[in-house]
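Side chains included, hydrogens not; waters and symmetry mates left out as well; all remaining heavy atoms used. Small disclaimer: the values here were computed from a predicted structure and weren't measured. Reminder, nothing fancy here: chain letters follow the sequence lines and each chain counts from 1.
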Amino acid sequence: MHPYRTHTCGALRLDHVGATVRLSGWVHRKRDHGNLLFVDLRDHFGLTQCVIDAASPLFEAVTDVRPESVITVTGLVVRRTPDTVNPALATGEIEVRMAEVVVDSPADVLPMQVAGDLEYGEETRLRYRFLDLRRDRLHRNIVLRSAVIASLRRRMTEAGFMEFQTPILTASSPEGARDYLVPSRQHPGRFYALPQAPQQFKQLLMASGFDRYFQIAPCFRDEDARADRSPGEFYQLDFEMAFATQDDVFDAIEPVLAGVFEEFGNGKAVTPVPFPRIPYDDAMLKYGSDKPDLRNPLVMADVTEVFRGGSFALFARNIDKGAVVRAIPAPKAAAMPRSFFDKLNDWARAEGAGGLAYVVFADGEAKGPIGKNLEAGGLDAIRTATGTGDGDAVFFVCARKAEAEKFAGRARERLCDELGLREADTFRFLWVVDYPAYERNPETGRIEFSHNPFSMPQGGMEALETMDPLEIKAFQYDIVCNGVELSSGAIRNHRPDIMLKAFAIAGYDEAETRQRFGGLFNAFRYGAPPHGGCAPGIDRIVMMLADEPNIREVIAFPMNQQAQDLMMGAPAEVEPARLRELRLRVELPREKKPTALADGAE
RNA sequence: GGGGGUGUAGCUCAGUCGGUUAGAGCGCUGGCCUGUCACGCCAGAGGUCGCGGGUUCGAGUCCCGUCACUCCCGCCA
């Protein structure tokens with residue numbers, strides 16, 4: 001007989017009655033009746049009830065075993081009497097009579113209970129992650145993550161992509177987020193950087209003649225965390241294709257994403273391929289966001305002209321100074337009480353806006369604060385632009401374009417929830433395309449790349465030479481699902497001459513471009529295929545599929561918001577000898593005691 | 001870097017207007033219990049009320065500072 005098990009804790013059924021079996025697992029729960037003891041034995045696969053009574057010489061010993069101890073049980077599988085069957089358990093028709101019990105690993109008193117559904121604070125959960133991972137919810141999430149990644153790999157491989165590995169110790173990338181740096185022992189004063197993404201390597205693989213690349217790629221960015229953004233490190237399904245147009249990239253990845261969401265989405269509806277494509281400018285106009293949630297049915301409109309020079313003086317004055325007016329429809333809101341409108345107005349003020357103007361269409365007339373300031377023609381224009389009519393309301397945001405778009409976008413989301421309009425049980429995908437290639441930094445006034453400096457500008461060299469940089473679009477796109485940005489990607493700029501020109505517009509001279517992007521720039525001088533790709537975030541995909549509000553729930557060993565690993569005690573101080581070897585000296589600001597991180601993990 | 005929330009037993013939390021000995025559930029320890037499956041019943045141990053300072057006759061409670069965790073803004077090509 002196997003020393004640990006003949007079956008798993010989820011395996012035994014009526015068929016096994018009469019067999020002598022061996023199970024190993026964790027003591028999930030004990031029910032001690034004094035002269036009769038039940039032990040629920042748990043492993044990765046399930047739960048089996050084991051039973052022993054006072055007649056057994058082992059009885060005392062088993063009674064003393066604490067929950068979460070690991071034991072091996074050998075005994076006879078018996079049928080439960082009809083009144084003691086547990087239908088909630090897959091193994092609920094049988095139980096195992098304990099004849100032999102070995103305690104493989106006794107457990108101390110637990111800092112958090114594994115059985116039950118008591119909620120624990122993040123700190124406890126992260127410090128004792130191995131216990132939290134035993135619990136059903138987290139255990140299921142990590143199993144799901146594994147299955148999703150396996151499915152992604154299979155789908156990518158079947159679509160003709162090859163999986164690669166690229167360096168973890170590499171060079172600092174010149175644009176983008178803050179890098180994690182690793183000091184070099186052999187080259188004092190120099191540092192490796194962990195890759196923010198394998199961006200340049202995948203492009204170099206294209207220049208190396210491989211046709212379709214993919215990788216479950218770790219990415220490292222030293223930026224602050226959010227609920228949907230893990231600090232430090234995360235994973236992307238990174239891929240790149242040679243001789244590909246934007247449509248080719250979309251055609252390649254859409255079935256992979258739609259397929260995975262259908263496979264693991266618990267029957268929720270998934271946008272059928274091809275996914276809708278919305279130009280960036282339209283997204284900002286209609287949804288006030290570059291990652292619109294299409295479960296929200298509200299579509300905004302520009303109504304600046306309705307108010308220009310009109311009798312609503314506040315708006316008219318601002319429009320003269322360059323402001324725009326965005327209208328957000330609120331279907332059936334005419335029936336809402338006054339407090340509904342007041343509450344939204346209060347919210348707008350709390351958000352730093354002057355307020356939220358609105359008009360209510362009811363009983364054939366226009367009511368509300370600005371209803372009387374509008375003429376019949378203007379009201380008609382508003383109704384037409386927003387698709388509203390009697391019984392509906394329309395809210396207005398008036399501000400400079402960027403500000404108006406952003407705030408109207410948030411008001412749109414707010415209204416959707418207040419009116420209970422968000423579509424449930426669905427994954428709504430779309431591509432946001434035609435991103436601007438450049439934007440003006442409002443603080444410095446300088447023109448900068450608005451997204452990825454490696455994207456091909458639409459119109460190529462001619463556009464760069466003849467157009468206002470702020471008008472130029474790039475072959476740059478994001479894929480968005482339910483308001484979550486899953487990925488951005490681009491058709492890359494593979495032409496050294498166009499690269500030089502594109503970087504010149506962003507203020508890099510030729511020498512600087514050659515120096516900072518040397519590897520890639522050099523490769524493109526010796527024959528590079530046109531290519532493009534994208535990199536959906538895996539943690540976020542799993543988070544959506546697991547229906548979790550926080551990305552830490554789908555990562556086995558996440559860091560906390562301060563980018564600390566409470567279980568392992570990272571980051572940690574190092575021996576002075578190691579610092580000397582690296583020729584580093586630590587200079588701390590004033591007196592700050594290093595926080596005791598790992599005292600629970602000694 | 002900035003803003004909000006939280007911090008009381010091992011854990012999850014309650015604690016009124018500032019007033020006697022700071023409570024509950026789970027867990028833990030001991031006792032009883034042979035059909036439970038969140039077993040039940042009885043008893044017990046367990047507290048730097050995050051930390052420091054202040055106001056007050058008196059502070060878990062009010063004020064100031066600080067630390068930790070968390071959510072958000074900035075940041076994240």
Side-chain angles (χ1 to χ4, degrees), chain A residues 28-42 47-56 59 63-64 66-68 78 80-89 91-92 95 97 107-128 131-132 173-179 196-197 199-200 219-232 234 350-352 406 410 435 437-439 443 448-455 474 476 478 485 488-490 503 506 517 535 537 549-550 552 560-562 564 566 592-593 595-597 600:
Chain A
H28 187 67
R29 253 195 194 102
K30 288 190 303 179
R31 288 175 295 282
D32 183 353
H33 292 242
N35 290 307
L36 179 73
L37 174 69
F38 297 100
V39 172
D40 288 340
L41 197 63
R42 183 196 73 237
L47 213 62
T48 301
Q49 172 166 289
C50 303
V51 63
I52 192 169
D53 69 26
S56 165
F59 186 74
T63 302
D64 288 341
R66 266 200 289 259
E68 293 310 309
V78 298
R80 297 203 200 178
T81 59
D83 56 318
T84 60
V85 163
N86 184 350
L89 226 52
T91 59
E95 63 191 3
R97 293 237 166 102
D108 282 350
V109 174
L110 299 167
M112 65 183 285
Q113 289 154 247
V114 172
D117 45 17
L118 195 54
E119 303 249 7
Y120 292 89
E122 285 276 345
E123 201 171 351
T124 306
R125 296 182 56 202
L126 291 175
R127 196 177 287 272
Y128 299 98
L131 291 179
D132 202 13
S173 57
E175 293 275 324
R178 204 175 289 115
D179 289 313
Q196 296 184 23
Q199 181 68 33
Q200 297 193 58
C219 303
F220 305 90
R221 296 179 191 174
D222 185 4
E223 297 292 351
D224 289 335
R226 288 288 183 278
D228 66 349
R229 208 165 76 202
S230 173
F234 61 97
E351 294 293 312
K406 200 173 168 188
R410 291 169 63 194
Y435 269 80
Y438 299 98
E439 65 191 4
E443 276 168 36
E448 299 177 347
F449 287 110
S450 69
H451 239 71
N452 185 324
F454 304 113
S455 305
Q476 168 83 42
D478 277 8
E485 179 193 320
S488 65
F503 278 92
F517 303 88
N550 191 300
R552 289 188 294 273
N560 71 4
Q561 194 177 35
Q562 278 69 243
Q564 298 167 314
L566 298 174
K592 196 175 180 185
K593 275 189 235 154
T595 350
L597 269 178

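- No more than 12 heavy atoms of other residues, nucleotides or ligands sit less than 6.0 Å from atom CG of A:Asp117.
- Side-chain to base pairing of A:Arg552 with B:U70: no donor and acceptor N or O lie closer than 3.5 Å to each other.
- Contact of A:Asp83 with B:G35 (side chain to base): no donor-acceptor pair of N or O atoms is detected under 3.5 Å.
- We find that CG of A:Asn35 is positioned 13 Å from C1' of B:G31, with the value rounded to whole Å.
- Residue A:Arg226 places a side-chain atom within donor-acceptor reach of the base of B:G74, judged by atom type and a 3.5 Å distance cut-off alone.
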Candidate pair A:Arg29 and A:Leu47, rule side chain to side chain contact (heavy atoms under 4.5 Å, CB included), full reasoning: CA-CA 10 Å; A:Arg29 253 195 194 102; A:Leu47 213 62; over 6 Å; no
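- For A:Arg221 against B:C75, no side-chain N or O and base N or O form a donor-acceptor pair under 3.5 Å.
- Side-chain nitrogen and oxygen atoms of A:Gln49 include none within less than 4.0 Å of the OP1 or OP2 phosphate oxygen of B:G35.
- Look at B:C17: it lacks any Watson-Crick or wobble partner with both distances under 3.5 angstrom.
- RNA chain B is contacted by both A:Asp53 and A:Tyr120; A:Tyr120 maps to the nucleotide lying nearer its 5′ end (nearest heavy atom per residue).
- Where A:Val109 and A:Thr84 each meet RNA chain B at their nearest nucleotide, the meeting point lying more 5' is that of A:Val109.
- Out of B:G10, B:U12, B:G74, the shortest distance to the side chain of A:Gln113 is found at B:G10.
- A donor-acceptor contact under 3.5 angstrom links the side-chain atoms of A:Glu95 to the base of B:G35.
- With a 4.5 Å cut-off on side-chain heavy atoms, A:Arg229 and A:Phe234 do not count as touching.
- Ion pairing between a basic and an acidic side chain is recognised when a charged N comes within 4.0 Å of a carboxylate O; A:Asp53 and A:Arg97 show no such pairing.
- Residue-to-nucleotide contacts include no donor-acceptor pair under 3.5 Å from the side chain of A:Arg125 to the base of B:C11.
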